[in-house]
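Each ligand, and each atom within it, is numbered from 1 in the order the structure gives.
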Amino acid sequence: MKRDKCKTHTILHFRVNGGKDGSLIALEQRSSEIPFTIKRVYYIYSVAIGLRRGFHAHKKLKQVLIGMSGSCDVMLDDGKTREIVTLNRPDFGVYLDRPVWREMYNFSKDCVLLVLANDYYLPNDYIRDYKLFLKMGKDGKI
Ligand code: TYD
């Protein structure tokens, strides 16, 4: 599986089994595909036009974000670099393997954003204050 390493994330290009019948993507939990044990799957949909979500970073959680349908933008900020990715196809994922501040926006009406995660929902793993996120990064606490 091809990967593109960026400053704040890695793009995982999935292998498509395609033909005139349509397309199929299978994701297996192995280092060359989804590089962590998947403990949780969730999806975000029916987001009102103009709404922005996220506004947090995770201390430890690893995730892969996939735009299953429609489109949305995700802004990723590691405290030094800001990058924007448009999630508009189901054949690639954005792998977040380090603490990054994320905001999702420009949701189309039909957007379904799928997230694979390596751990359960743990509120203590969230950093919801951007200034605190920057400080924790500077102090080497994340
Ligand atoms: P939140 O993480 O704040 O969503 P976003 O970052 O996309 O804005 O979660 C929204 C709500 O859903 C919040 O009440 C917590 C709940 N939630 C769960 O119960 N389990 C989960 O796995 C997630 C991600 C959220």
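Backbone and side-chain nitrogen or oxygen atoms of M104 are examined, and none is located within less than 3.5 angstrom of a nitrogen or oxygen of ligand 1.
Between atom CD1 of residue I44 and atom CG of residue L65 there is a gap of 7.5 Å, rounded to the nearest 0.5 Å.
Note on ligand 1: Y120 sits outside its first shell, no heavy atom being nearer than 4.0 Å. Under a 4.0 angstrom heavy-atom cut-off, Q63 registers as lying outside contact with ligand 1.
Legend: residues meeting ring-ring contact (aromatic ring centres under 6.0 Å, His included) with Y130, ordered by chain and number and at least two apart, are W101.
If you check the side chains of Q63 and R102, you find a donor sitting under 3.5 Å from an acceptor.
Heavy-atom contacts of I44 reach the following atoms of ligand 1: 7 (O) (cutoff under 4.0 Å). Of all atoms in ligand 1, numbered sequentially from 1 with element shown, those under 4.0 Å from a heavy atom of R128 are 2 (O), 3 (O). Proximity to Y126 (heavy-atom distance under 4.0 Å) selects the following atoms of ligand 1: 2 (O), 24 (C).
Annotation: atom 8 (O) of ligand 1 to nearest protein heavy atom, G54 N, 3.1 Å. The protein heavy atom nearest to atom 23 (C) of ligand 1 is Y121 CD1, 3.6 Å.
Without hydrogens or angle criteria, S71 side chain to S108 main chain gives no donor-acceptor distance under 3.5 Å.
When the heavy-atom distances from atom 6 (O) of ligand 1 to H56, R53, R40, R52 are ranked, the shortest goes to H56.
For K39 and D119, the salt-bridge test passes: some basic side-chain N is under 4.0 Å from an acidic carboxylate O. With salt bridges taken as basic N to acidic carboxylate O contacts below 4.0 Å, none links D125 and K59. Look at K131 and D129 and you find no salt bridge, because none of the NZ, NE, NH1 or NH2 atoms lies under 4.0 Å from a carboxylate O.
Within the 4.0 Å cut-off (strictly below), no protein heavy atom is located near atom 11 (C) of ligand 1. For atom 14 (O) of ligand 1, no protein heavy-atom neighbour is present inside the 4.0 Å cut-off.
Under the 30°/60° scheme for interplanar angles, the aromatic rings of Y126 and Y121 are found to stand perpendicular.
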